Amino acid sequence: MSEDGTPVTLYIYDLSKGLAPAISPFLIGEVVEGIWHTSIVIYGKEHFFGSDGISICDPGGTVLGEPQRTVDLGVTYIPRAVFDDYLEGLRSSTFKGDQYKLLKHNCNNFSNELSQFLVGQKIPQYILDLPEHILAKLSGFFRLSS
């Protein structure tokens with residue numbers, strides 16, 4: 001790590017591959033820009049959470065390919081060894097694979113956890129709010145239709 005810190009980047013992927021704006025009006029009655037999957041890139045590696053637990057790969061090396069966009073979250077002064085220990089603690093507690101829940105405890109919650117630890121700020125709120133927003137829209141729809 002340099003005296004200037006280590007950059008922390010949020011990678012944002014659209015799981016719908018661009019289809020969300022076209023199909024979301026029919027499903028929930030409004031346009032949704034994307035179905036977001038996020039990861040954190042730090043120390044030359046991409047870190048993400050899924051049903052297999054915490055995974056690490058080269059940046060852009062997931063099955064999703066290149067991210068739709070990236071957001072520079074800032075820099076961290078946390079030493080790599082401390083980060084590695086923190087990540088290992090998460091891997092054996094809060095972010096085990098069997099704890100993955102698509103709408104409640106997912107990749108975005110993991111990215112948010114790492115961002116807060118590394119740079120002291122949350123990832124963009126629109127990403128964190130999307131699952132609850134969609135659930136609220138769907139529950140309203142089903143209540144109206146019954």
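All values derive from a computational prediction rather than experimental measurement. All residue numbers in this chain count up from 1 along the given sequence.
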* So if you build clusters from Ile, Leu, Val, Met, Phe, Trp, Tyr with side-chain heavy-atom gaps below 4.5 Å, do L64 and L19 land together? -> no

* **OG-CD1 distance between S39 and I54, expressed to the nearest 0.5 angstrom** => 12.5 Å

* What distance separates I35 CD1 from I127 CD1, expressed to the nearest 0.5 Å? -> 12.0 Å

* Mind checking the CG-CG spacing from N106 to L130? Nearest 0.5 Å is all I need. => 10.0 Å

* How long is the span from the CD1 atom in I56 to the OG1 atom in T62, to the nearest 0.5 Å? -> 14.0 Å

* Residue pair E46 / Y13: nearest heavy atoms and the distance that separates them -> OE2-OH, 2.7 Å

* **Pair Q68-H37, side-chain donor/acceptor within less than 3.5 Å** => no

* Asked: Is it true that V8 and F48 fall in one hydrophobic cluster, defined by side-chain heavy atoms closer than 4.5 Å?
  -> no

* To do: Hey, could you give me the CG/CD distance between N108 and E113, rounded to the nearest 0.5 Å?
  => 13.5 Å

* Assess whether ring pair (Phe, Tyr, Trp, His ring centres under 6.0 Å) is satisfied between F83 and H47, documenting all intermediate values. => CA-CA 12 Å; F83 172 72; H47 304 78; 5.2 Å; yes

* **Stepwise side chain to side chain contact (heavy atoms under 4.5 Å, CB included) check, Y86 with L114** => CA-CA 9 Å; Y86 180 72; L114 287 188; 4.0 Å; yes

* So which heavy atom on L118 is nearest to which on I78, and how close? -> CA-CD1, 4.0 Å

* Asked: Short question: side chain of Q121, backbone of L73 - any donor-acceptor pair under 3.5 Å?
  -> yes

* Is there side-chain contact between I42 and T6, with at least one heavy-atom pair below 4.5 Å? -> yes

* CD1 on I123 to OG1 on T38, rounded to 0.5 Å -> 4.0 Å

* Closest contact, heavy atoms only, G74 versus V119 -> C-CG1, 4.1 Å

* Asked: Which atoms form the tightest heavy-atom contact between S93 and G89, and what is the distance?
  -> OG-O, 2.6 Å

* For this output row, return yes or no: ring centroids of F110 and H105 closer than 6.0 angstrom. => no

* **Under 3.5 Å: donor-acceptor pair, side chain of E30, backbone of P25** => no

* Asked: Taking side chain as C-beta onward, heavy atoms only, is L135 less than 4.5 Å from L103?
  -> yes

* Asked: Between R69 and E33, is there a salt bridge with N-O shorter than 4.0 Å?
  -> yes

* Is any side-chain heavy atom of S115 less than 4.5 Å from a side-chain heavy atom of L10? -> no

